[in-house]
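So the structure is just underneath, and the comments pick up after that.
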Amino acid sequence: MQPNREELSSPPDGSGQPYSVRVQAAVLAGFLVASFLVAGLGGFSTVDNVDGWYATADKAPWSPPNWLFGPVWTLLYTAMAVAAWLVWRKRAPKTRPALTAYAVQLGLNLAWTPVFFGLYPAMGTAALWLAMAIIVALIAAVTVTVLYFGPISRTAGLLLLPYIAWLVFASTLNWWAAVHN
């Protein structure tokens with residue numbers, strides 16, 4: 001989807017001046033770093049466990065191969081960062097609550113992986129049910145984020161829709177693992 005002209009220029013925040021290209025690039029880089037920091041921290045929990053307990057776990061018949069998760073999450077984290085950046089550069093009245101919702105969902109995203117993968121060896125099935133509660137809260141938080149982002153930047157709201165779809169799919173995998181392990 002091509003951004004419209006409105007998406008390409010920053011509206012005024014009262015000063016009538018758009019952000020400089022340097023500031024916009026720096027903030028975009030910051031959002032990308034934040035997203036990939038969450039991804040990297042989650043990776044610490046999966047490294048030992050994907051080939052550990054998860055390799056022998058009872059997985060849903062519709063589970064994709066493990067190699068698919070990395071590319072999908074890379075695209076999703078990139079889209080999340082770009083969406084947040086699009087909202088930030090609008091300087092709209094609801095930008096602050098929109099980015100707060102974004103931060104909440106990013107925190108929940110960060111929490112899910114260590115709970116699901118990292119706590120299972122210590123807590124067993126209880127960790128998988130706790131992860132299920134987190135992913136349901138995450139889906140709600142991303143939905144709220146979309147509802148905030150959409151009116152500020154249609155493109156930003158749309159960029160998060162594949163993320164919601166993937167989370168709903170991932171929640172079915174989480175549910176199966178909790179029920180069957």
Listed by chain and number, what are the side chain to side chain donor-acceptor pair (under 3.5 Å) partners of Trp112, not counting sequence neighbours?
Asn174
Tell me, please, which residues at least two apart from Trp175 pass side chain to side chain contact (heavy atoms under 4.5 Å, CB included).
Trp129, Met132, Val179
Tell me if the centroids of the rings in Phe169 and Trp166 come within less than 6.0 Å of each other.
yes
With clusters defined by side-chain heavy atoms of hydrophobic residues (ILVMFWY) lying less than 4.5 Å apart, directly or transitively, does Trp67 cluster with Phe69?
yes
Measuring from atom CG of Leu99 to atom NZ of Lys94, what distance do you get when rounded to the nearest 0.5 angstrom?
13.5 Å
Which residues satisfy the side chain to side chain donor-acceptor pair (under 3.5 Å) test with Thr172, sequence neighbours excluded?
Trp62
With sequence neighbours left out, write down each residue that passes side chain to side chain contact (heavy atoms under 4.5 Å, CB included) with Ser63, or none if nothing qualifies.
Lys59, Ala60, Leu173
Test item: Trp85 side-chain N/O and Val27 main-chain N/O as donor-acceptor pair under 3.5 Å
no
Can you list the residues that meet the ring-ring contact (aromatic ring centres under 6.0 Å, His included) rule with Phe36, with sequence neighbours excluded?
none
Does Leu41 reach the side chain of Leu37, with side-chain heavy atoms less than 4.5 Å apart?
yes
Could you note down all residue pairs passing ring-ring contact (aromatic ring centres under 6.0 Å, His included) where residues 38-58 supplies at least one of them, sequence neighbours left out?
Trp53-Phe116, Trp53-Tyr120, Tyr54-Phe117
Can you sort out the partners of Ser35 under side chain to side chain donor-acceptor pair (under 3.5 Å), two or more places apart, ordered by chain and number?
Tyr102
Please give me the minimum heavy-atom distance between Pro97 and Pro93, naming the atom from each residue.
CD-O, 4.3 Å
Using a 3.5 Å distance criterion without hydrogens, assess whether the side chain of Asn181 forms a donor-acceptor pair with backbone atoms of Asp58.
yes
Side-chain atoms of residues 71-83: list all donor-acceptor pairs with protein atoms under 3.5 Å, sequence neighbours left out, distances to 0.1 Å.
from: Thr74; atom 1: OG1; to: Gly70; atom 2: O; distance (Å): 2.8
from: Tyr77; atom 1: OH; to: Asn109; atom 2: OD1; distance (Å): 2.7
from: Thr78; atom 1: OG1; to: Thr74; atom 2: O; distance (Å): 2.8

The reported gap from OG1 in Thr100 to CZ in Arg96 (rounded to nearest 0.5 angstrom) is 7.0 Å
Looking only at heavy atoms, the pair that brings Ser153 and Lys90 closest together is CB-CE, 4.4 Å
Does Val115 have any side chain to side chain contact (heavy atoms under 4.5 Å, CB included) partners at least two apart in sequence or in another chain, and if so, which?
Leu119, Leu130, Ala131, Ile134
Gap between atom OG1 of Thr155 and atom CG of Leu160 - 0.5 Å precision
11.0 Å
Using side chain to side chain contact (heavy atoms under 4.5 Å, CB included) as the criterion, list what pairs up with Thr56, not counting sequence neighbours.
none
Is there a path of hydrophobic side-chain contacts, each under 4.5 Å between heavy atoms of I/L/V/M/F/W/Y residues, joining Val38 to Val33?
no
Who are the side chain to side chain donor-acceptor pair (under 3.5 Å) partners of Asn49, not counting sequence neighbours?
none
Can you measure from CG (Leu28) to OH (Tyr19) and round to the nearest 0.5 angstrom?
13.5 Å
Let me have the donor-acceptor pairs involving side chains of residues 135-149, under 3.5 Å, with sequence neighbours excluded, atom names and distances please.
from: Thr143; atom 1: OG1; to: Ile139; atom 2: O; distance (Å): 2.8
from: Thr145; atom 1: OG1; to: Ala101; atom 2: O; distance (Å): 3.2
from: Thr145; atom 1: OG1; to: Ala141; atom 2: O; distance (Å): 2.8

